[in-house]
Every structure is written in structure tokens, then in C-alpha cells.
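Residues take their numbers from the sequence shown, with the count starting at 1.
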Amino acid sequence: MSYAIVYTSLTGNTARLAQALRDALPAGACLYFGAPDAAALAADTIYAGFWTDKGTCDKPMETFLRSLTDQKVFLFGTAGFGGAPAYFNQILARVRDNLAPGVTVLGGWMCQGKMPQSVRDRYAAMPDSPRRTAMLENFDLALTHPDQADLDALCAAAAR
């Protein structure tokens with residue numbers, strides 16, 4: 001079985017997940033590791049990682065996923081907001097909508113990822129409200145993610 005790990009990463013969070021998968025999977029079977037590229041299409045299985053942009057994967061990953069035909073795919077990603085499996089499942093469902101009918105989805109996994117300080121600064125500048133408080137609390141909770149437990153959980157999910 002050959003595989004490729006294809007990922008996009010704006011802040012480095014998804015890159016950490018991709019590297020954890022690379023370290024956990026058999027090195028000799030890896031045909032490609034990196035940003036979306038047609039070279040990855042030769043692999044039997046694609047591990048496709050993305051950062052969340054407006055509730056789905058970013059555009060370069062969307063374009064790549066739409067190019068798949070009959071591969072097996074495991075989706076993984078990060079989102080600044082999160083922690084709730086239902087939210088992550090909604091994102092994964094939207095990402096799966098980019099796949100052709102012949103693509104087999106092996107599974108998916110997501111975790112929260114830290115966001116840039118500029119996001120917290122923007123939240124802090126908002127008028128005081130319960131929403132502002134919740135957004136600041138979420139930002140602070142995300143600072144440690146992805147952590148080792150997230151990396152381990154991803155590798156366990158991908159191994160299933």
C-alpha cells in the first residue's frame with residue numbers, strides 16, 4: 001500500500017499533525033509528503049490535512065480533493081474554534097462534499113489549533129459581551145493545541 005500525506009497549514013498546526021502521521025506510518029510506503037500536488041495522486045491512500053476556513057477546508061485543499069478519482073482518503077484537520085465533536089463532524093462533512101463518488105473515505109479526525117495573537121487582539125477589542133468572553137476563553141484554550149494527546153489521537157484514528 002502506497003500513501004501520500006498532503007496538507008495545507010496556515011499557522012503550522014496542521015503541519016504538526018502531518019508530521020506526526022509521517023512519523024507513525026511506514027516510511028518506505030510514502031510516495032509524497034507536502035502541499036497539494038498532482039504527484040500525490042499516484043498513491044493508493046491519501047492522508048489529506050487542512051486548516052479550517054469559514055467552516056470547511058481552505059481553497060487549495062478543496063481543489064486538490066476535487067482532483068481525486070478512486071483513491072482512499074483519510075481526512076484530518078485543525079480549527080481555531082472547537083472541542084465539540086459535533087462541530088468537527090460538520091466541518092468534515094463539508095470537506096467530504098469535495099470528493100468524487102469513486103473516492104473511499106477511510107475516516108476523519110480533527111482537533112483544535114492555536115490561533116495567531118492578532119485574532120485574540122481582535123476579540124479583545126470587541127465590546128464587552130458574553131460572546132466576547134466566550135471567544136477569548138476559546139482562544140486561550142486553543143493555545144496548547146495541537147498537543148501530544150491530539151497527535152496520539154490522530155495517529156490512533158488513522159491506524160483504524
Single-linkage hydrophobic cluster, 4.5 Å side-chain cutoff, Leu92 and Phe81 together: yes

CA sep, side-chain torsions, deciding dist, call: Met61, Val6, side-chain contact (heavy atoms from CB on, under 4.5 Å): CA-CA 9 Å; Met61 182 54 69; Val6 179; 4.1 Å; yes

Has the side chain of Arg120 got a donor or acceptor atom that lies under 3.5 Å from a matching backbone atom of Leu136? no

Contact check, side chains of Leu151 and Leu17, non-hydrogen atoms, under 4.5 Å: yes

Would you say that Thr45 contacts Phe74 through its side chain, given a criterion of any heavy-atom pair below 4.5 Å between the two side chains? no

Quick check on the hydrophobic clustering: are Met126 and Val119 connected, directly or via other members, by side-chain heavy-atom contacts under 4.5 Å? yes

Arg16 side chain to Pro146 main-chain N or O, any donor-acceptor pair under 3.5 Å? yes

Checking Thr11 side chain against Met115 main chain: does a donor-acceptor pair fall under 3.5 Å? no

Validation row: Leu75, Leu65 side chains within 4.5 angstrom (heavy atoms): yes

For a quick test of reading the model, state the closest non-hydrogen atom pair linking Trp109 to Ala153 and the distance between them. CZ2-CB, 3.7 Å

Would you call the rings of Tyr7 and Phe33 parallel, tilted or perpendicular if under 30° counts as parallel and over 60° as perpendicular? tilted

For the residue pair Thr14 and Phe50, establish whether any side-chain heavy-atom pair is separated by less than 4.5 Å. no

Note: His145 and Leu141 closest approach over all heavy atoms is CD2-O, 3.3 Å

Within the distance-only criterion (no hydrogens, no angle test), does the side chain of Arg94 pair as donor or acceptor with the backbone N or O of Gly55 below 3.5 angstrom? yes

So do Phe64 and Ile46 actually touch side chain to side chain, heavy atoms under 4.5 Å? yes

Non-hydrogen side-chain atoms of Leu25 and Met1 separated by less than 4.5 Å: no

Nearest 0.5 Å, please: how far is CG in Asp97 from OG1 in Thr56? 7.5 Å

Heavy-atom pair with the smallest gap, counting every atom of Ala35 and Tyr32: O-OH, 2.5 Å

Polar side-chain atom of Asn13 near backbone of Lys114 as donor-acceptor pair, under 3.5 Å: yes

Counting only N and O atoms by type, is there a donor-acceptor contact under 3.5 Å from the side chain of Thr78 to the main-chain atoms of Gly113? no

I'd like to know if Tyr47 and Leu68 are part of one continuous hydrophobic network [Ile/Leu/Val/Met/Phe/Trp/Tyr, side-chain heavy atoms within less than 4.5 Å]. no

Near Arg66 CZ, under 6.0 Å, is it more than 12 heavy atoms from other residues, nucleotides or ligands? yes

A side-chain contact here means heavy atoms from C-beta on lying under 4.5 Å apart; do Cys57 and Asn98 qualify? yes

Are Met110 and Phe139 grouped together when hydrophobic residues (ILVMFWY) are joined by side-chain heavy atoms under 4.5 angstrom apart? yes

Kindly indicate, with the supporting measurements, whether the criterion side-chain contact (heavy atoms from CB on, under 4.5 Å) is fulfilled by Tyr123 and Asn138. CA-CA 11 Å; Tyr123 295 163; Asn138 178 76; 5.7 Å; no

Side chains of Tyr3 and Lys72: closer than 4.5 Å at any heavy-atom pair? no

Donor-acceptor pair, distance only, cut-off 3.5 Å: does the side chain of Thr133 make one with the backbone of Ser129? yes

Hey, is the main chain of Ala20 close enough, under 3.5 Å, to the side chain of Asp23 for a donor-acceptor pair? no

Same hydrophobic cluster for Leu99 and Phe88, using side-chain heavy-atom links shorter than 4.5 Å among ILVMFWY? yes

Any sub-3.5 Å donor-acceptor pair from Asp150's side-chain atoms to Asp147's backbone N or O? yes

Under 3.5 Å: donor-acceptor pair, side chain of Gln71, backbone of Leu41: yes

Compare every heavy atom of Ala158 with every heavy atom of Leu21, then report the nearest pair and how far apart it is. CD2-CB, 3.6 Å

Taking all non-hydrogen atoms of both residues into account, name the closest pair between Ala18 and Phe76 and its distance. N-CE1, 3.8 Å

Atom pair CD/CZ of Glu137 and Arg132 - distance to nearest 0.5 Å: 10.5 Å

